[in-house]
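Every chain is numbered from 1, with letters handed out A, B, ... down the list of sequences.
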There are 2 protein chains.
Amino acid sequence: MPELTIGELAERSGVPASTLRYYERHGLLHSRRTTGNQRRYAEAMLRQVAFIRASQRVGIPLAEIGEVLEFLPDGGAPTPQFWARAAQCWGRAIDERIAALQRRREVFSACASCGCLTFGECALVA
Amino acid sequence: MPELTIGELAERSGVPASTLRYYERHGLLHSRRTTGNQRRYAEAMLRQVAFIRASQRVGIPLAEIGEVLEFLPDGGAPTPQFWARAAQCWGRAIDERIAALQRRREVFSACASCGCLTFGECALVA
DNA sequence: CTCAGACTTAAACCAAGGTTCAGGTCAAGC
DNA sequence: GCTTGACCTGAACCTTGGTTTAAGTCTGAG
């Protein structure tokens with residue numbers, strides 16, 4: 001199994017190398033180092049980067065993604081079971097955001113027709 | 001009609017004075033200056049601050065609020081007509097965000113059951 | 001007139017999620 | 001062995017929506 005340099009991982013994942021280094025600084029990725037201090041990745045890391053990007057896509061902050069990644073067996077790719085459990089979490093997170101937005105929409109509709117904009121009375125400005 | 005100092009406007013609106021200055025720097029508010037260079041506001045400004053906060057509440061970025069405020073007659077409070085038109089805009093903006101989130105939810109549901117997470121194929125990571 | 005408290009400014013700092021840069025090192029092809 | 005491109009680090013910079021701080025000025029009550 002050939003290892004990937006950071007440039008190769010960047011190209012194959014579409015994620016800039018600067019971003020991969022950023023993720024590593026923040027504990028979302030880990031890498032083996034060569035004797036010359038350069039990063040080397042197993043191909044499985046590609047899946048882990050995919051997991052991070054997919055999670056970001058649905059609006060999960062990096063810190064939270066990092067917490068979930070702590071449950072990954074060291075150096076292993078995300079397993080189907082791992083993905084299934086994470087997907088359940090992320091799904092609930094999206095649903096909550098949709099619900100919050102819809103509640104806000106209702107408040108706004110009521111206030112839009114009232115138009116008072118009075119501090120201390122209007123739900124939109126208080 | 002008595003004028004308000006920035007501290008009074010801050011207290012009556014619940015918006016910190018530092019934030020009011022910040023809004024002014026970014027063109028969302030204007031003030032008269034005393035001979036000693038202190039800010040003075042007409043009471044009508046309270047309504048304008050309310051408009052800004054209400055707009056922020058529904059997720060409109062300050063830059064966009066500022067653009068809309070350009071249509072206000074100089075120094076005047078937001079009229080009911082002004083609010084009605086702005087409210088229509090903001091309502092559409094919320095609806096779009098809800099719709100975008102729901103589309104994302106659908107993509108996610110499909111991908112969550114697939115779980116491939118493959119770059120270039122999966123809609124969640126590509 | 002004096003003095004406390006409110007006001008002024010510019011500049012630095014915060015969160016998140018990065019990008020860019022300078023200066024230096026590594027790896028690989030010839 | 002040399003050269004070139006890829007890589008390394010830390011630091012600075014970016015956006016948005018502010019807050020905090022320092023140093024100095026104004027206003028109004030007594």
Side-chain angles (χ1 to χ4, degrees), chain A residues 2-42 45 48-69 90 93 97 104 124-125, chain B residues 2-42 45 48-69 90 93 97 104 124-125:
Chain A
E3 286 184 313
L4 305 176
T5 66
I6 195 171
E8 289 161 348
L9 183 59
E11 181 156 8
R12 290 184 55 182
S13 68
V15 178
S18 64
T19 303
L20 295 174
R21 288 193 200 98
Y22 176 83
Y23 288 168
E24 184 170 316
R25 271 209 305 289
H26 290 264
L28 283 92
L29 292 180
H30 300 281
S31 55
R32 188 181 78 77
R33 295 299 183 111
T34 64
T35 54
N37 197 35
Q38 295 195 358
R39 291 170 180 84
R40 289 296 181 272
Y41 301 96
M45 195 53 78
Q48 188 166 336
V49 175
F51 174 77
I52 295 171
R53 296 306 259 198
S55 303
Q56 274 195 295
R57 275 254 169 154
V58 298
I60 312 297
L62 289 184
E64 206 168 328
I65 300 171
E67 284 172 26
V68 169
L69 279 175
W90 297 171
R97 278 188 298 135
R104 197 143 43 142
L124 261 187
V125 302
Chain B
E3 285 184 313
L4 305 176
T5 66
I6 194 170
E8 289 162 348
L9 184 58
E11 182 156 6
R12 290 185 54 182
S13 67
V15 177
S18 65
T19 303
L20 295 174
R21 289 192 200 98
Y22 175 84
Y23 289 167
E24 184 171 315
R25 272 207 307 288
H26 292 264
L28 283 94
L29 293 180
H30 301 281
S31 56
R32 188 181 80 76
R33 295 299 183 113
T34 63
T35 53
N37 197 35
Q38 295 195 357
R39 291 171 180 83
R40 290 296 181 271
Y41 302 95
M45 194 54 75
Q48 189 166 336
V49 175
F51 175 77
I52 295 171
R53 295 305 259 198
S55 303
Q56 274 194 295
R57 276 252 169 158
V58 298
I60 311 297
L62 288 185
E64 205 168 330
I65 299 171
E67 284 172 28
V68 169
L69 279 174
W90 298 169
R97 278 188 299 135
R104 198 143 45 141
L124 261 187
V125 303

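- With rounding to whole Å, B:E3 atom CD is found 14 Å from C:dC7 atom P.
- Partners of A:E67 under the side chain to side chain donor-acceptor pair (under 3.5 Å) rule, at least two apart in sequence or in another chain, do not exist in this structure.
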N/O to N/O distances under 3.5 Å, protein versus nucleotides 17-21 of chain C:
residue: C:dG17; atom: OP1; partner: A:L62; partner atom: N; Å: 3.4
residue: C:dG17; atom: OP2; partner: A:L62; partner atom: N; Å: 3.4
residue: C:dG17; atom: N7; partner: A:Y22; partner atom: OH; Å: 3.3
residue: C:dG18; atom: OP2; partner: A:Y23; partner atom: OH; Å: 3.1
residue: C:dG18; atom: OP2; partner: A:Q56; partner atom: OE1; Å: 3.4
residue: C:dG18; atom: OP2; partner: A:Q56; partner atom: NE2; Å: 2.4
residue: C:dG18; atom: O3'; partner: A:T19; partner atom: OG1; Å: 3.4
residue: C:dT19; atom: OP2; partner: A:S18; partner atom: OG; Å: 2.8
residue: C:dT19; atom: OP2; partner: A:T19; partner atom: OG1; Å: 2.3

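- Note on residues 27-38 of chain B: pairs passing salt bridge (charged side-chain N to carboxylate O under 4.0 Å, His left out), not counting sequence neighbours, are B:E3-B:R32, B:E24-B:R33.
- Evaluation of the side chain to side chain donor-acceptor pair (under 3.5 Å) rule for B:S13 yields no partner, not counting sequence neighbours.
- Distance CD1/B:I52 to CG/B:L20: 8.5 Å, rounded to 0.5 Å.
- Legend: residues meeting side chain to side chain contact (heavy atoms under 4.5 Å, CB included) with A:R97, ordered by chain and number and at least two apart, are A:I94, B:L101, B:R104.
- Contact check of residues 28-41 of chain A against DNA chain D (heavy atom, cut-off under 4.0 Å) returns A:R33, A:N37, A:Q38, A:R39.
- For A:R53, the side chain to side chain donor-acceptor pair (under 3.5 Å) partners two or more places apart in sequence, or in a different chain, are A:Y23, A:Q56.
- In this entry the distance linking CG of B:L9 with C1' of C:dC7 reads 14 Å, nearest Å.
- Under the ring-ring contact (aromatic ring centres under 6.0 Å, His included) criterion, B:Y22 pairs with B:H26, sequence neighbours left out.
- Of all heavy-atom pairs spanning A:P16 and A:A10, the tightest one is C-CB, 4.2 Å.
- Mapping heavy-atom proximity under 4.0 Å, the span of DNA chain D touched by chain B runs 5' to 3' from D:dG17 to D:dT27.
- Residues satisfying the side chain to side chain contact (heavy atoms under 4.5 Å, CB included) test with B:P61, not counting sequence neighbours, are B:E64.
- The list of salt bridge (charged side-chain N to carboxylate O under 4.0 Å, His left out) pairs with a residue in residues 9-21 of chain A, not counting sequence neighbours, reads A:R12-A:E43.
- Between A:R39 atom CZ and A:L4 atom CG the span is 14.0 Å, to the nearest 0.5 Å.
- Note on the helix from C:dC1-D:dG30 to C:dC30-D:dG1: angle between the axes of the first and last five pairs equals 20°, rounded to 10 degrees.
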